[in-house]
Each structure stands twice: as structure tokens, then as C-alpha cells.
Number of protein chains: 4
Amino acid sequence: MKFTDNRPIYKQIIDHFCDQIINGKWSEEERIPSVRDIAVKMEVNPNTAIRAFHELQENGILYNQRGVGYFVAENALDKVLELKRKEFIDQELPCFFRTMKQLGFTCSELEELYKKQHE
Amino acid sequence: MKFTDNRPIYKQIIDHFCDQIINGKWSEEERIPSVRDIAVKMEVNPNTAIRAFHELQENGILYNQRGVGYFVAENALDKVLELKRKEFIDQELPCFFRTMKQLGFTCSELEELYKKQHE
Amino acid sequence: MKFTDNRPIYKQIIDHFCDQIINGKWSEEERIPSVRDIAVKMEVNPNTAIRAFHELQENGILYNQRGVGYFVAENALDKVLELKRKEFIDQELPCFFRTMKQLGFTCSELEELYKKQHE
Amino acid sequence: MKFTDNRPIYKQIIDHFCDQIINGKWSEEERIPSVRDIAVKMEVNPNTAIRAFHELQENGILYNQRGVGYFVAENALDKVLELKRKEFIDQELPCFFRTMKQLGFTCSELEELYKKQHE
DNA sequence: GTGGTCTAGACCACC
DNA sequence: GTGGTCTAGACCACA
């Protein structure tokens, strides 16, 4: 796995797991691989993986059983969507609209671009 | 001037000047205040201000005259808009659309939100 | 390491690394010593070293991995040569030929001098 | 007159006068325009013009008559050529050959480029 | 440990 | 006066 963008790697790992949960890769209560395995697989420092898991745990998306491993929480999918919606509406949207307005883009122009990018 | 967000101050200074150029505060070929004056006014170290100016110079938005000061370049406005458009389309848009799709928002829903926020 | 000439130290550091790359001291993807180590070794402030590295990074000669260090980029050698060739042809050559012509030197005279200096 | 390159303006003024002397624009013992006039004509700070004249005076190319003005010295042309030759051979040549060697250019290749640039 | 940013204050060349 | 460079030392986020 390559971490090419400038955001902190642990944030990218978080997103990666959220995406997988949204896409149904993990069931509720399912055990996910050990920090060590994930760190190896992702070619990442174990501390970095741990940091990501901690944050997922704080948001109620994972839970931890000492000596056993991390598990996908009940309602993890809802929690993920809720978290992302909150971030999106509170942080991305205002900034996005501000820039959009400043650069003179209209909603319909962006819709055009959207369609182009998703063809 | 307060720098509340987490981004580097010099980046915020860059944006500040870009915004001023967009809003027509500076004319082409106009001399902007000296590094020292701006540093004092913004309550920032001169080095931090210089760093911002260097980056604006590299992007062709300012130019420098030895021993005299910094000036707004010809076509500074175009350069600024071009730069911002590029950033917006390359970095914000894809990320935005991706999240939007993932969370199941439609363009029209967002347009609603946009209008609400701008009432 | 001594920095005797009048050019900025950070520029001299840049040239120093370019020279080392040309001379094959660093392989592609190899990690170079940390900013702090280099600063100590060159008897220079870390900020000065960082400045040089930033410029090398902008030219695609180094790249950076968060929290890990600086690495020699793929094709760093090509990038260095390209950069230097560009500088040489755009800046040194025209000035050189102009003076040469003005002083009435011919290419072959200079070739003589060249050979003398390299005996 | 535009000073576009990065060298100090006063150095560029010096070169400008040397060029004019080489090209025969000034005769020996001829009075050149006043510092003030030259500063106005070149759109330059008078101090900058004075600095150039001082350096030309130190090299025996101009001489000054208090309250009258600056004059072209006897043998100014020889002095100019001597000065330029010295600079060229001592400073430009070694640096030029070093870069040339490093970038793998040969004398004949450069001769080609020379001819192209002077067509 | 790594690099990134910032401050304070110095000195320089240049206009 | 202007900007440019450099140092010393601090604090931060990240791995």
C-alpha cells in the first residue's frame, strides 16, 4: 500500500478502514488482523497502525479485547457514516463553498465536472 | 491578525494576499508594504513573512526589486485565480466528489445546503 | 566543510549534493543522512540544510517520507544533469560567448587554455 | 533601461559603460553626462550610479574633476580590455571548464552552440 | 528518532 | 531604507 498524499499516514489508514467497512468487507463483531500483521502488510510502522486503531476505537467503530485483538463494533457502519457525514458537513462543505464562490464556479459547472470525472 | 487554524502561518499569509488581490485591494505594479512593516502589522516574525513572499514570487504573483521592495506582478490576478483553480480542481474536487458519493449525497441536496448556508 | 565563496551556503549545499549524485555517491532510493546529522557534519544550522533539501525536493532530486527522512529520487541523476545543463546553457553560455567575442578570443584559443589548465 | 538579471545594478551599469567604451561611443578625455542625468536616464538611484562610477574610477577607466564631472581616462579602452580579460581568464574560464567537463560537453559541441546562437 | 515551522536577533549587500 | 541569509534554540506532528 502506497501513501502518496500529504495527509498523515494514520489518517489515511483510518479512511482505508472506513472505506472497507462501508464497502462491507468487515462484518460486525468480526476480528480484524493484528496490528502487527496490518503494519507489515501496509509497510507501516506498528505505532502508526496503533494510532489509527485508537482513533477508530474512540469513535466507537472498533473495540479492543485485551490480549485478543481489535473487533468491528456493533453498528460500526452507522458510526462510520455518521462520523463522515459530520466531518463532511462541518468541515469540507463550508470551505468548499467558499472557494467555489471565490473562483466563480457554479453548482452546475461542478456537476458537469463531476460527471466527467465519473465516466 | 490572528492565525487560528492549524496550517502554517506562512501559508495563511499567502492566502491572505491572494484574497486581497482577488478582492482588488492591490493594483498591478503597486508596491506592497515592506517585509518588516507587514511582519509588525501581522504580529509575525519577518522571516515568516519573507517565506510567504518568496512563494508568491515563485508563482509569479509578486516580483522583487533589489533594495526597493515587493511589487504586485502584471497579471497577478490571473495568476492567483489560475493557481487557486488548479488547487481546487486537482485537490479539493476529487476528494469532495468521492466523499459525496460515498455518503450518498446528491448535487441537488448539496445545492440546498449551499443556499441555506448563504442566506 | 568550508563555505568560502560568496554564494549563499544553502546554494553551495545544493551544489555539493548534486555533485555527489553526479559522482555516484548516492544510489536511487537511498536514504541520505538526517538533516541534523548533515547540519552537524557541515557545521551549519539545521535550517540552512533544510532549505537546501527543500529546493532539491522541488526539483525532484530528493523526496521526503514523513518522519523518516530524505531519499534520493528515482532518476535523480537525470534530473540533476538536466537542471545543470539548463542552467549552463541558459545562463553561463550566452554570457560566456558574449565576453569571448567582445575580448576577441576564439574557440581554439580557449581550447588551448583549457588544455593548459588541465595538464 | 531595464535591469532584469539578478546581478547588482551598479555592476550592470559598469558593464554598460565598458561596453560603450569598447564600442567606441566615448573618446578619451571626453566628459560623460552627470551622475544626476545618468541616474534619471537609467531610472536608477543616484547613489547606485555613483557607486558604479567609483568603481570605474578605481580601475582607472574614468577620472573625476571636482565640480566638473567624470571624464574618460587616457587609455580607457586598454584598461577596460585588460580588466575584462583578467576577470574572464581568472574567474569565468575555470568555472566554465569545470562545469563543461562535469556535464560532458566538448569544446566542439560548444562551438556548434556558439555558431547557432550567433546566426 | 524524523522533518516542519516559528521566533529572535544578527549581519550582509544593495538602493 | 530595502530584502536575503544565517544562527540558535524552541515547539510541533509524525513514525
Side-chain angles (χ1 to χ4, degrees), chain A residues 3 6-13 35 39 42-52 54-55, chain B residues 3 5-13 31-40 42-57 62-71, chain C residues 3 5-13 31-40 42-57 62-71, chain D residues 3 6-13 35 39 42-52 54-55:
Chain A
F3 299 95
N6 285 326
R7 296 160 56 227
I9 292 180
Y10 81 96
K11 290 273 185 199
Q12 299 185 49
I13 295 177
V35 170
M42 290 192 166
E43 293 173 330
V44 143
N45 187 302
N47 285 327
T48 307
I50 287 176
R51 191 162 178 176
H54 278 174
E55 200 157 317
Chain B
F3 300 96
D5 76 43
N6 287 326
R7 297 159 55 228
I9 292 180
Y10 79 95
K11 290 276 183 197
Q12 298 184 49
I13 296 178
R31 184 176 169 277
I32 64 178
S34 79
V35 169
R36 285 166 177 78
D37 289 350
I38 282 177
V40 169
M42 292 195 166
E43 295 173 322
V44 142
N45 186 289
N47 283 327
T48 306
I50 283 182
R51 197 164 171 180
F53 285 14
H54 278 172
E55 200 157 319
L56 286 166
Q57 193 174 20
L62 297 182
Y63 68 92
N64 177 270
Q65 212 168 312
R66 300 177 70 105
V68 182
Y70 278 93
F71 295 78
Chain C
F3 299 97
D5 76 45
N6 287 327
R7 297 159 56 229
I9 293 181
Y10 79 96
K11 291 275 184 198
Q12 298 184 49
I13 296 177
R31 183 176 170 276
I32 65 178
S34 79
V35 170
R36 285 164 175 81
D37 289 351
I38 283 176
V40 168
M42 291 193 166
E43 295 173 322
V44 143
N45 186 288
N47 284 327
T48 306
I50 283 182
R51 196 164 173 179
F53 285 15
H54 278 171
E55 200 156 320
L56 287 166
Q57 193 175 17
L62 296 183
Y63 68 92
N64 177 270
Q65 212 168 311
R66 300 176 70 104
V68 181
Y70 279 93
F71 294 78
Chain D
F3 299 95
N6 287 324
R7 296 159 57 227
I9 292 181
Y10 81 95
K11 290 274 184 197
Q12 297 184 49
I13 296 177
V35 170
M42 291 194 167
E43 294 173 327
V44 143
N45 188 302
N47 285 328
T48 307
I50 287 176
R51 190 162 177 176
H54 278 173
E55 199 158 318

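As the structure is a computational prediction, the values presented were derived from the model and not from experiment. The sequence lines fix the lettering, A, B, ..., with proteins before strands; numbering per chain opens at 1.
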| query | Touch check for D/Arg7, heavy atoms < 4.0 angstrom, all strands: base, sugar-phosphate only, or nothing? | reply |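 Nothing: the residue D/Arg7, judged by heavy atoms under 4.0 Å, touches no strand.
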| query | So what does B/Asn45 hit on the nucleic acid, given a heavy-atom distance under 4.0 Å: a base, only sugar-phosphate, or nothing? | reply |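 Base, at least one base heavy atom under 4.0 Å.
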| task | For B/Tyr10, check ring pair (Phe, Tyr, Trp, His ring centres under 6.0 Å) against everything at least two apart and list the hits. | result |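 Per chain and number, B/Tyr10 pairs via ring pair (Phe, Tyr, Trp, His ring centres under 6.0 Å) with no residue.
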| task | Identify, with sequence neighbours excluded, every residue that meets ring pair (Phe, Tyr, Trp, His ring centres under 6.0 Å) alongside C/Phe53. | result |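 Counting only residues at least two positions away or on another chain, C/Phe53 forms a ring pair (Phe, Tyr, Trp, His ring centres under 6.0 Å) with C/Phe17, C/Tyr70.
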| Quick one: side chain to side chain contact (heavy atoms under 4.5 Å, CB included) partners of A/Ile9, sequence neighbours excluded? |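 Checked A/Ile9 against side chain to side chain contact (heavy atoms under 4.5 Å, CB included); matches are A/Phe3, A/Ile13, A/Val44, A/Thr48.
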| task | Identify, between C/Val68 and B/Val35, the residue whose nearest nucleotide on DNA chain F lies closer to the 5' end. | result |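 Taking each residue's closest nucleotide, the earlier one in sequence belongs to B/Val35.
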Within the sub-3.5 Å range, which N or O atoms of nucleotides 11-14 of chain F have a protein N or O partner, and how far apart are they?
| from | atom 1 | to | atom 2 | distance (Å) |
| --- | --- | --- | --- | --- |
| F/dC14 | OP2 | A/Arg51 | NH2 | 3.3 |

Qualifying residues under side-chain hydrogen bond (donor to acceptor under 3.5 Å, both in side chains), relative to [X], sequence neighbours excluded:
X	value
C/Gln57	none
C/Arg66	none
B/Asp5	B/Gln12
C/Arg31	none

| request: Starting from the 5' end of DNA chain E, give me the residue, C/Tyr70 or B/Asn47, whose nearest nucleotide shows up first. | output: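 This one resolves to C/Tyr70.
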| field | 5' precedence on DNA chain E between B/Gln65 and C/His54 (nearest-nucleotide basis) | value |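 First, find each residue's nearest nucleotide; the 5'-ward one identifies C/His54.
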| Pair pattern of DNA chain F in dot-bracket, where unpaired bases get dots and | marks partners in another strand, Watson-Crick or G-U under 3.5 angstrom | ||||||||||||||.
| said: Can you measure B/Glu43 atom CD to E/dT7 atom C1' for me and round it to whole angstrom units? | reply: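 Interatomic distance, CD of B/Glu43 to C1' of E/dT7: 14 Å.
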| said: Looking at E/dT2, I'd like to know if its phosphate oxygens (OP1 or OP2) sit under 4.0 Å from a side-chain N or O belonging to C/Ser34. | reply: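 So the side chain of C/Ser34 is within the cut-off, an N or O lying under 4.0 Å from OP1 or OP2 of E/dT2.
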